[in-house]
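Accompanying notes for the structure given below.
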Number of protein chains: 2
Amino acid sequence: MFRALVVEDQTLMRLALMNEVQASFEKCVVLGAETLNIATVELQNGHFDLVVIDPGLPGFDPTSQGDRVAVVDRIIEASPSAIHIVVTGSDNRCEADGFRRIGAAAYLGKTGLAPGVFNDVLDDISTKGFSLRLSRAVMTKPDYRFSVLTPREQEAIDMMAHRAPGVKRKEIFSLMADRLAIDAGSAEKYYKQARAKLMRQGHPLPQGL
Amino acid sequence: MFRALVVEDQTLMRLALMNEVQASFEKCVVLGAETLNIATVELQNGHFDLVVIDPGLPGFDPTSQGDRVAVVDRIIEASPSAIHIVVTGSDNRCEADGFRRIGAAAYLGKTGLAPGVFNDVLDDISTKGFSLRLSRAVMTKPDYRFSVLTPREQEAIDMMAHRAPGVKRKEIFSLMADRLAIDAGSAEKYYKQARAKLMRQGHPLPQGL
DNA sequence: CAAAAAAGGGATGGTCCCATCCCTATTTTT
DNA sequence: AAAAATAGGGATGGGACCATCCCTTTTTTG
């Protein structure tokens, strides 16, 4: 059984990261620790295959480079056989190099760390040995979230809203079909159903219909 | 239709906050913006009832108090009729006062901002006019997440694992029944089913069974 | 114009989860 | 010893969503 540990003090972020890990490994157990103390106890009591670490933990100075390295170092030494992924909000290339030197397999900025990226990171690690994803803002339009839509319908609206100009809807349906491993006709159906729901409720649709 | 905007650069956190907002308002639309520019455009184009803001945005110095205030101020001025909630990782009481003075209705630290807290914050706002939740680490045990469990089963395991010593399981079932608005017998069933699944797969159970 | 793309809808079977009610041993408390 | 709590099951109906296949009309594009 694949076992992972997420060390992150921000609750919503910790839960989101745990979700990402779960999405990447079909059968697994994921533990979430809010503090280094909790993490240390768990690392002593059990074996882990993967550890995700945010170095900015309670009780440490987030601006002190020494504190940040100390946190990661302690965790890596407590779980030498695990893969270690560092996730941080204040990322920079210099720090990435530092963590790489002490054994981290990936260094990720929180900005741009979206659902699914975790999978790519794991691919990077197994093929290249290291994954570096620095923060950068890339959105040009907002994301829309409608409570009336099912996840599939929401997905369809999302992808269509981000359609590049000149791209046919059919192409988006194919893309969606690929990504979700479903039929293109089904993808089209979800989009149309979603659109109909929003129209019925008088919603101002995101641009791109 | 209730309309909300979440301004936060960290994607996973933004999505999580959007989820929290959705969970608090049955029928609603939630927009997510990664940058102040995107947010500003949306605020000009439409009316919003609620705006959630993380002042640490790309293009601004997260250590500069002036930049942080400027971000929130610009958003509040662009949506004077909305409720404004400031969410930040580096929270302190002093900054909270500052944002309250310029019109924010709540100031939340990301540590300890868990699923469901958002609801309480909205209650605070409507009863007391302001909600302050500073970060503090409160966990003493890790959270466990098992991919084999359904959400309900996971919930049951969670609550039982955090059972205070001396508390009867029956009481936990009642509590769970209350929180999920279901029958206590059903809650008991979920727990037993979850436990059986974990045992069958040879999982080391979290303490507290 | 002809062909392709898009809008708009109806019907279907399957699956997973929710929620409930039922039952019997075993253990712990009182 | 009696009562309560716990462990361990089986069976059921309903609902939401998934995924598919089918259909017609309008619009856009080549």
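Order of the sequence lines fixes the chain letters, A, B, ..., with proteins taken first and strands second; residue numbering starts at 1 for each chain.
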**Complete:** Residues passing the side-chain contact (heavy atoms from CB on, under 4.5 Å) test with B:His203, sequence neighbours excluded, are A:Met1, A:Val29, B:Phe146, B:Leu198, B:Gln201
**Message:** Just to verify, what does B:Asp67 make a side-chain contact (heavy atoms from CB on, under 4.5 Å) with, not counting sequence neighbours?
**Reply:**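 With neighbours one apart ignored, the set is B:Phe60, B:Asp61, B:Ser64.
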Just by modelled atom types, is the [Y] backbone N or O under 3.5 Å from a matching donor or acceptor in the [X] side chain?
X        : Y        : answer
A:Asn119 : A:Ser24  : no
A:Arg145 : B:Gly32  : no
B:Glu34  : A:Val138 : yes
B:Tyr190 : B:Gln154 : no

**Residue list, salt bridge (charged side-chain N to carboxylate O under 4.0 Å, His left out) with A:Lys170, at least two apart or on another chain** =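 Testing A:Lys170 for salt bridge (charged side-chain N to carboxylate O under 4.0 Å, His left out), a comparison that skips the adjacent residues, returns none.
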**Prompt:** Among pairs that include at least one residue of residues 117-126 of chain B, which meet salt bridge (Lys or Arg N to Asp or Glu O under 4.0 Å), considering only residues two or more places apart or in two chains?
**Reply:** B:Asp124-B:Lys128, B:Asp124-B:Arg133
**Message:** Show me the pairs that pass salt bridge (Lys or Arg N to Asp or Glu O under 4.0 Å) and involve residues 5-22 of chain A, at least two apart or across chains.
**Reply:**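 Those involving residues 5-22 of chain A are A:Glu8-A:Lys110.
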Identify every side-chain donor-acceptor pair in residues 68-77 of chain A under 3.5 Å, counting partners at least two apart or on other chains, and give the distances.
from    : atom 1 : to      : atom 2 : distance (Å)
A:Arg68 : NE     : A:Glu95 : OE2    : 2.5
A:Arg68 : NH2    : A:Thr88 : OG1    : 2.8
A:Arg68 : NH2    : A:Glu95 : OE1    : 2.9
A:Arg68 : NH2    : A:Glu95 : OE2    : 3.3

**Request:** Only counting residues at least two apart or in another chain, list the ones meeting ring pair (Phe, Tyr, Trp, His ring centres under 6.0 Å) with A:Phe25.
**Result:** A:Phe2
**Message:** Tell me every residue that passes ring pair (Phe, Tyr, Trp, His ring centres under 6.0 Å) with B:Tyr191, counting only those two or more places apart in sequence or in another chain.
**Reply:**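 Result, ring pair (Phe, Tyr, Trp, His ring centres under 6.0 Å) vs B:Tyr191: B:Phe173.
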**Interface with DNA chain D, restricted to residues 178-202 of chain B and to heavy atoms under 4.0 Å** = B:Lys189, B:Tyr191, B:Lys192, B:Arg195, B:Ala196
**Item:** Interface residues of residues 150-168 of chain B with DNA chain D (non-hydrogen, below 4.0 angstrom)
**Value:** B:Lys168
**Item:** Sub-4.5 Å side-chain heavy-atom contact between A:Asn92 and A:Tyr107
**Value:** yes
**Asked** D:dA7 phosphate, OP1 or OP2: any side-chain N/O from B:Arg169 under 4.0 angstrom?
**Response**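 Looking at the OP1 and OP2 atoms of D:dA7, one of them is under 4.0 Å from a side-chain N or O of B:Arg169.
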**Prompt:** Considering the terminal five base pairs at each end of the helix from C:dC1-D:dG30 to C:dT30-D:dA1, what angle separates the two local helix axes, rounded to 10°?
**Reply:**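 The end-segment axes of the helix from C:dC1-D:dG30 to C:dT30-D:dA1 are tilted 40° relative to each other.
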**Message:** With a strict under 4.0 Å distance from non-hydrogen atoms of chain A, what nucleotide opens and what nucleotide closes the contacted stretch of DNA chain C, reading 5' to 3'?
**Reply:**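 That gives a stretch of C:dA5 to C:dG10.
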**Request:** Could you tell me the separation between the CD atom of B:Glu171 and the P atom of D:dA4, rounded to a whole number of Å?
**Result:**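 Between P of D:dA4 and CD of B:Glu171: 15 Å.
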**Asked** To the nearest Å, how far apart are A:Met176 CE and D:dA19 P?
**Response** 12 Å
